[in-house]
Amino acid sequence: MKTYFLATNDVESTSIRFNKQRNATAEKVLKEGMPALLELYRQMEIKATFFFTGEIAEKYPDIVRMVLPDGHEVACHGYSHEDEFALDRLGYHQQCSQMRKAKDILEGIAGVSVVSFRAPALRVNEFTPKALESSGFQIDSSISSQRADSFLSFGALKKLDRLMAPRMPYYADTASLSRRGHSRILEIPVSALLVPYIGTFMRIAPALTKSLAAVLHHEAKLTGKPVNFLIHPNECIVEEDEDSVARRSANPLQYLLAEKLRTNLKKKNLGSGAIKLFREHLQFFRDRGYAFYTLQQYRTDIFN
Ligand SMILES: [Zn+2]
């Protein structure tokens with residue numbers, strides 16, 4: 001069975017340390033986080049997919065341009081990563097306008113058509129598949145099948161359907177990205193098995209994430225399911241101290257459980273620590289003969 005590794009990167013101005021969108025973070029992502037990741041991919045001859053928010057691309061177009069020479073895929077991470085624009089809070093028309101705005105900005109900068117999408121904070125609702133179709137997207141990667149830690153993240157209740165989502169890539173339903181159906185959107189899930197295969201988890205629990213990688217490898221050998229790892233270049237930077245205040249929340253219990261705990265844990269292994277751990281994961285799959293594909297390449301090769 002041929003095996004595939006999909007390195008997917010969400011490029012945004014979210015500061016992990018300060019838990020908000022910041023221009024200073026975006027500048028560090030441009031000058032430090034992106035170059036570190038691109039250098040790693042260059043050394044290992046890996047083609048990856050980069051999901052940019054329209055907002056960061058608009059302010060810092062070089063952040064998009066810098067991935068082009070190495071043949072990486074330019075993909076869309078919505079327009080804004082602010083909570084008020086989370087797609088699960090928006091109706092069909094509002095989602096379309098966010099998606100089209102971001103897609104236009106990215107295509108204008110990159111000069112290529114942008115066909116892959118990942119929702120900010122992986123938050124989607126019943127209008128998202130149709131909005132993606134009508135905005136000209138072909139691929140989505142916002143669903144993390146069998147991920148069970150979602151209670152720690154925003155929009156948690158709406159993500160429960162993902163426990164039942166198919167594991168292999170599938171054409172999604174027109175009213176749910178978590179179900180198989182007849183839309184034109186190919187869902188390529190982010191890898192998970194109770195816990196997600198993502199940079200955040202890799203940094204918080206390195207040993208457990210290595211065990212997860214081994215399990216995902218066995219599954220890939222048996223079923224051909226691609227391994228889809230999600231990392232952020234903002235994990236590959238270190239931001240200097242400032243008075244760090246966790247984002248306020250209306251519900252004190254949610255604040256304590258979700259935000260305070262989350263904010264502190266999420267600061268582990270930032271910067272070169274993240275790159276070092278990620279390199280070990282890439283090497284694990286390289287040693288086992290995986291093909292490193294962009295999402296677009298994967299769709300073209302496997303689903304056409
Ligand atoms: Zn994001």
Side-chain angles (χ1 to χ4, degrees), residues 6-23 25-30 33-34 37 48-60 63-64 67 72-90 95 98-99 101-103 105-106 114 116-125 128 132 137 139-144 147 149-150 152-156 158-159 162 177 187-192 196-204 228-237 239 247 258-259 262-263 265-267 270 274 278 295:
L6 313 171
T8 60
N9 308 261
D10 296 358
V11 188
E12 56 196 72
S13 54
T14 312
S15 165
I16 295 166
R17 176 168 283 272
F18 304 115
N19 211 356
K20 62 182 179 192
Q21 307 294 312
R22 284 169 97 231
N23 285 339
T25 303
E27 276 163 37
K28 269 192 167 268
V29 166
L30 170 69
M34 287 293 287
L37 273 174
T49 304
F50 287 85
F51 294 93
F52 300 92
T53 61
E55 215 163 45
I56 201 168
E58 202 168 37
K59 277 188 198 156
Y60 305 93
I63 212 163
V64 179
V67 312
H72 299 301
E73 178 180 355
V74 173
C76 178
H77 194 35
Y79 177 74
S80 168
H81 219 291
E82 296 287 358
D83 186 58
E84 60 184 300
F85 293 106
L87 297 186
D88 63 356
R89 305 177 68 150
L90 304 182
Q95 289 192 38
Q98 291 284 305
M99 288 174 187
K101 188 171 166 189
K103 192 172 193 281
I105 291 166
L106 292 169
V114 170
S116 302
F117 185 84
R118 173 172 288 149
L122 309 180
R123 291 171 66 172
V124 298
N125 66 13
T128 310
L132 285 169
F137 289 100
I139 297 167
D140 177 74
S141 186
S142 307
I143 302 300
S144 193
R147 176 174 178 174
D149 67 322
S150 294
L152 282 177
S153 71
F154 287 91
K158 289 176 184 165
K159 288 176 178 168
R162 292 163 198 209
L177 289 172
E187 178 61 43
I188 304 180
V190 177
S191 291
Y197 193 43
I198 61 174
T200 313
F201 197 68
M202 171 189 77
R203 292 185 295 103
I204 293 171
N228 181 351
F229 185 82
L230 184 167
I231 191 164
H232 300 79
N234 61 358
E235 298 179 73
C236 307
I237 61 171
E239 295 182 88
R247 200 167 6 173
E259 305 201 28
R262 205 176 67 110
T263 309
L265 274 175
K266 281 179 107 175
K267 289 179 196 164
L270 289 169
F278 188 31
L295 297 189

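Each ligand, and each atom within it, is numbered from 1 in the order the structure gives.
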Contacts of F201 that satisfy ring-ring contact (aromatic ring centres under 6.0 Å, His included) - sequence neighbours left out = none
May I ask you to decide if the ring planes of F278 and F229 are parallel, tilted or perpendicular, using 30° and 60° as cut-offs?
-> parallel
T25 versus N234, side-chain donor and acceptor atoms under 3.5 Å = no
Non-neighbouring partners of F51 that pass ring-ring contact (aromatic ring centres under 6.0 Å, His included), sequence neighbours left out = none
For K28, which residues count as a side chain to side chain donor-acceptor pair (under 3.5 Å) partner, sequence neighbours excluded?
-> E32
Atom pair CG/CD of L37 and E235 - distance to nearest 0.5 Å | 9.0 Å
For the Zn ion (ligand 1), protein N, O or S atoms at a distance below 2.8 Å amount to 3
